[in-house]
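Worksheet: the structure to be examined is printed underneath.
All heavy atoms count here, side chains included; hydrogens, waters and symmetry mates do not. Numbers restart at 1 for each chain; the letters A, B, ... are given by sequence-line order, proteins then strands.
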Amino acid sequence: MTTSDSTPRGLEPPSGLTARFEPLAPGQVPGFAMRVTVRGVELELRGLPLVARLGGQELRGVSVSPVGDGFVGLLEHTPREGDRLSFGYGPAQRSTDVVFRALVA
Amino acid sequence: MSRWDAPSGTGMAWAPGLAEVERELDEMLGPIDGYDVLGWPGSGLNDRLRPGDLLLRARAAGRVRAQVAHVAGPELHDAGAFSSGEGEGDGWYAEAVWRSTAGSGRVPAYVRVVDSRGRVPQNQILLRSRPILPAAAPVPAAPPQGLDDAPGPEEPPWPGLGTPDPSALDGGLEEASPTPTPRSWELPATEWVNVNYYLEWIKGDTLEYLTQPTRKIADRGLDQPIFSGLPLTLIDLLALLEIERPDPASPADFQMGLKTKAFYPGTAASPTAVAPGGPYPVVLILPGNHGVREVRQSLVTPPATAGRGPWKKIPGTADGWVREILSHAGYEYLQEDLARNGVMSFAISTNPANALDGMVQTRADLLVAYLDLLRRIQSGGVPSPLTGHLDLGRVGLLGHSRGGDGVIKAAIDNARMNASSAPPAPPIQIRAVCALAPTDSMGTARPADRPVLGSPVERFLVVYGSHDGDVSGVGGGLERTGTGFRHYDRSMTGWDAMIFVRGVAHNRFNTTWDNSHSPGATPIFKHGDPSHRLVDQSPDPSDPTCGVAAPPGPPACPSPTEYRSIEAHKALAREYIGGFFRWALGGEALEARFKGEVFPLAAGAGITAADVAIQYLVPTRCLIDGFQREPPGRNALAGPASYTSSQTVEFELASRPDGTSTVPLAPRVPHQTRILDARPGSAAQMVYRTEIPAGPARNARPYSHICFRMTAGFDVSAPGLIVSSFPPWKLRIFTGEGASPAASEAGPAALDTRGVRTPKPPFFHELWIPPSGLSGPKGAVINVTKLHFQTVAIPLAAFRGADLDQLRAVELELGAGTMPFYFDTLCLMAL
């Protein structure tokens, strides 16, 4: 019998950090303007909750993916152009390359 | 005359053989075929004590036939470890309950089991009820600490103080039940229920704790693919593991899957029968947040492992397998011990909440769903051998980590439901709650939103370790996520206790969680791995990668002895958590350990009394001053309160600037409470004085001790800077009638220091956290050493000449030049 701890082919998390900014229709999630979905990390599910920020605004209701490959959170206000994503547990906040770019028609 | 009648002081030496002892007992009590003799006069014990063992004392001639006590706890304590008045001389004592003909014998006492050399005294014998059916192999005997094999001196039959009044006792020997055999039962199939996920947050400008419930799969992002390139969504994966699934009646919504494994008092004869003597009290065990799945690549079927569910093939992969991590399987050592001691327990899967990263309300609602499952098991709605054997009027909750938050909220919600106009039937009475290394996620919300445990919950216990690397308390008492200190500060059950234990970590209480620092265990994660550094982190010198593998690596390698072993964690859980429920629900006489009077762990357990700091409040008490925003200049009794130093203030401790700057103490203070910050300043001394108003509060007779919580402004920046002593203080009481009450004072030398009551300086601990967050090799250290409160107690008897019928005032005096002294919860207690 042979086993391996390696992640099975096809189950690797996506390489590189990605973030999706999804504007919410008024009332869709009361009190919130945008949903942010971040993928491409490995997170541990633990007692201390993950904290994430976009610029100076903290994401609310942050929840780590069931498989730990990312997280979802909500913003009360649409972020400002160039606001940068950071996240981490407790004081260990990691700044990322992800910045918010508004879609311009 | 029976030799058992030997009068005190005869010096009679009697060293009988076992047969002679049995003949003697036959003569005295009739046939004793149903008992094994554990020890007889002059012998040692031939087995470790167990609850239910019997101690028989020789009769007092002409008055009673014999005295009989049921041993309540297996621990042996030395004579100095418990309250005075029970002592019968040097030796080793056990908690026990004397039996009386009136049947009222539930008075805990300490009975002298063996003398200082480990020999059973001349006037007594120890028996164990013989199981009707073959029992498990006995635990090898462990002699009390410090005993040797030298023959002991003769012991007088009635050696002295504390012997129960013979007139109230007689030979009303009750049959001791055989020790139950732990048996387990598992819910045969996942039960699917509709429980909401709650989006939870504290709104910044109002500090409201807001929740938004949903069962929509899309709201939680469960409709997203698990990884790129696979035709499998998160909900597909969770359904495969039977954690969450689409609701068959409403496919856009999810359902949560309930799984549980119970341990119950069984019999040796039957694998399913419940031992007679029930119904039994019930404990629900809610684990904390943890990963829910493990994936592997396997060329053939991977092996099964304890604490994991069955492997399942991942659709769409050539050789991908996944299985569930069963966090709730990690407490079986505790469950077995509870079952052995007459308490049934259900470890419940919290993975439906873990998979959603749920915070407080999701876990509380999930637990409430399990309470309903208990009702169905009890009624037969769910087929089980446990049907009818649950005592739903005696239920306790244990929550670990985020589960601690969850059980507290669930207990509050359950009480609210029971008091509603449509209460669930039958009602479930949650009487005791234990939070193990809990998070406190709601403590910085506005006060009205903070969960406060109170009646009808009768008892509350927090267990927390100084080396918890997950819920580390980093940031202190003002951080959004707090620790069990804040839960204790808020609790109002009437009987509250918290133990804070040096060297105790977070994960080691759960055998299925990552415990890579365990001696002898194969590390699951090495330093530098993302998962490793998030849990119970301190660089481990036994790990060859410490300081090496991820240059420049962790910055320090503390002694491996700082972390207590997994076995030590288990022993702590058995004695304090198991003991808590056996006491609170099962009625065992184990109360003394929860007010610090005795230390229950055996020598060699890896944790000593010097490692334990305790806070407690017992129901029979009178709070004099809690410094909780009473009107200015008034104490909790509405009496005047004053200080002689302008630098002494009542303050929210965590917000208080330290002695040298304006920086709040918060990072070092885990509490959330207002206190007296006592500083003499430039004066020669500081005196805080508080007056007891006229009335019944002046009668201190119902109480045995005057108590308060204390800590001080220790320098905790390095282990070597933590001084071993507290600032010197004096407590003065004024008693008597008339205009000039008499003063009487006591200082640290008068403290009751039995058990774990000696106040401990801070337990130093540094947490390793990479400054770059979740990636990057460089390590950094954050000092998470805490200034923790602990309760100290001075016997009122130490105040010589005091008239305890008329307590008029209390003063605390501090000398000049000392570090700040933090003082709280001045009260009288009957300990």
Side-chain angles (χ1 to χ4, degrees), chain A residues 1-15 17-18 20 22 28-32 35 37-51 57-74 76 86-96, chain B residues 199-201 210 212 219-222 224 226-230 234 237-238 288-293 295-303 314 316-321 354-359 401-402 437 439 441 470-472 474-475 481 506 530-531 534-535 769-775 782:
Chain A
M1 183 159 57
T2 304
T3 62
S4 167
D5 284 344
S6 63
T7 303
R9 288 186 298 278
L11 284 178
E12 300 88 351
S15 60
L17 196 65
T18 63
R20 183 162 60 113
E22 176 190 358
Q28 184 179 346
V29 183
F32 292 102
R35 177 186 283 125
T37 304
V38 177
R39 306 293 294 273
V41 293
E42 284 187 68
L43 296 169
E44 185 77 357
L45 288 156
R46 56 180 295 199
L48 207 61
L50 188 76
V51 175
Q57 186 179 183
E58 183 171 331
L59 275 70
R60 304 297 184 188
V62 172
S63 52
V64 175
S65 148
V67 294
D69 65 340
F71 60 90
V72 180
L74 297 166
E76 292 174 86
S86 63
F87 61 93
Y89 289 101
Q93 291 293 302
R94 170 189 179 183
S95 183
T96 72
Chain B
L199 189 66
E200 296 174 77
W201 76 100
L210 298 173
Q212 287 187 359
D219 282 352
R220 185 53 191 80
L222 300 181
Q224 301 297 311
I226 54 169
F227 297 118
S228 57
L230 276 183
L234 289 166
L237 184 76
L238 295 176
N289 200 41
H290 194 75
V292 302
R293 63 92 181 99
V295 293
R296 289 275 180 97
Q297 174 175 287
S298 176
L299 300 178
V300 293
T301 304
I314 302 175
T317 66
D319 53 5
W321 296 78
N354 291 350
L356 303 177
D357 200 12
M359 296 298 292
S401 193
R402 285 195 204 180
T439 54
S441 302
D470 187 349
V471 185
S472 65
V474 63
T481 301
H506 191 82
S531 298
L534 295 176
V535 180
I769 295 182
S772 56
L774 299 166
S775 66
I782 294 179

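- In this structure the side chain of Leu199(B) reaches within 4.5 angstrom of the side chain of Phe32(A), judged on heavy atoms.
- Between Val62(A) and Met359(B) the shortest side-chain heavy-atom distance does not fall below 4.5 Å.
- With hydrogens and angles disregarded, no donor-acceptor distance shorter than 3.5 Å links the side chain of Gln212(B) to the backbone of Val29(A).
- The distance from atom CG of Asp69(A) to atom CD1 of Ile226(B), rounded to the nearest 0.5 Å, is 8.5 Å.
- Using a 4.5 Å cut-off between heavy atoms, Gln28(A) makes no contact with chain B at all.
- At a 4.5 Å heavy-atom cutoff, the contact between Glu200(B) and chain A is made by backbone atoms alone.
- Residues Ser401(B) and Gly47(A) share a closest heavy-atom pair of OG-CA, 3.5 Å.
- Atom CZ of Arg402(B) sits about 7.5 Å away from atom CG of Leu45(A), to the nearest 0.5 Å.
- The two residues Pro66(A) and Ala355(B) make their nearest non-hydrogen contact at CG-O, 3.0 Å.
- Under the rule for a side chain to side chain donor-acceptor pair (under 3.5 Å), the partners of Glu58(A) that lie at least two apart in sequence or sit in another chain are Arg480(B).
- Arg220(B) is linked by a side chain to side chain donor-acceptor pair (under 3.5 Å) to Ser63(A), counting only residues two or more places apart in sequence or in another chain.
- Partner of Arg46(A) under the side chain to side chain contact (heavy atoms under 4.5 Å, CB included) criterion, out of Asp470(B), Asn289(B), Thr439(B): Asp470(B) alone.
- Side-chain contact between Leu237(B) and Val67(A) is present, with at least one heavy-atom pair separated by less than 4.5 Å.
- Contact of Val64(A) with chain B is made through backbone and side chain together, with heavy-atom distances under 4.5 Å.
- Top candidate by heavy-atom pairs under 4.5 Å with chain B, chosen from Gly68(A), Pro49(A), Gly31(A), is Pro49(A).
- Residue Leu210(B) does not touch chain A at all, counting heavy-atom pairs closer than 4.5 Å.
- Of the two parts of Leu356(B), only the backbone, made up of N, CA, C and O, holds a non-hydrogen atom closer than 4.5 Å to a non-hydrogen atom of chain A.
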